[in-house]
Amino acid sequence: MKLFSLLLSIIVFFVTCFFLVNDFEYSFEVNHIIYMTLLVVLLFIALVGILINFNYLLEQREKINNIFSENNFNRKN
């Protein structure tokens, strides 16, 4: 479940960055200001989701390293 949340946060981050860059223009219309503000808020939410779930990747990497270091196949005789 954490992996799904991390992947979803990463996807949302990049999609939001795409729309933020693509739709950026100097406009002072209220609708455009609200739209850009919502994109920035969504970008920050995705960033917080990535930071919260980043520990999951570190834990999985440590588990994999422990598995490889504990088996007898990579030890020299």
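A tilted orientation is assigned to the rings of H32 and Y35, their planes being inclined by 30° to 60°.
In the hydrophobic clustering of ILVMFWY residues, with side-chain heavy atoms under 4.5 Å counting as a link, F18 and M36 come out together. Under the 4.5 Å side-chain heavy-atom criterion for ILVMFWY residues, a single connected hydrophobic cluster contains both V15 and F44. Residues V41 and I33 are members of separate hydrophobic clusters, defined by side-chain heavy-atom contacts under 4.5 angstrom among Ile, Leu, Val, Met, Phe, Trp and Tyr.
If you look at F28 and Y26, their ring centroids are not closer than 6.0 Å.
Here the closest non-hydrogen pair linking N53 and S5 is ND2-OG, 2.9 Å. Considering every non-hydrogen atom in both A46 and V12, the closest pair reads CB-CG1, 3.9 Å. Residues F13 and L47 approach most closely at CE1-CD1, 4.2 Å, considering heavy atoms. Of all heavy-atom pairs between L39 and T16, the closest is O-CG2, 3.2 Å.
To the nearest 0.5 angstrom, L6 atom CG is 10.0 Å from L51 atom CG. I50 contributes atom CD1, which lies 10.0 Å from atom CG of L7 (distance to the nearest 0.5 angstrom). To the nearest 0.5 Å, atoms CD1 (I45) and OG (S9) are separated by 10.0 Å.
Other residues, nucleotides and ligands contribute over 12 non-hydrogen atoms within 6.0 Å of the CD atom of E25.
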Verdict with supporting geometry, F14 and I10, side chain to side chain contact (heavy atoms under 4.5 Å, CB included)
CA-CA 6 Å; F14 284 117; I10 291 171; 3.6 Å; yes

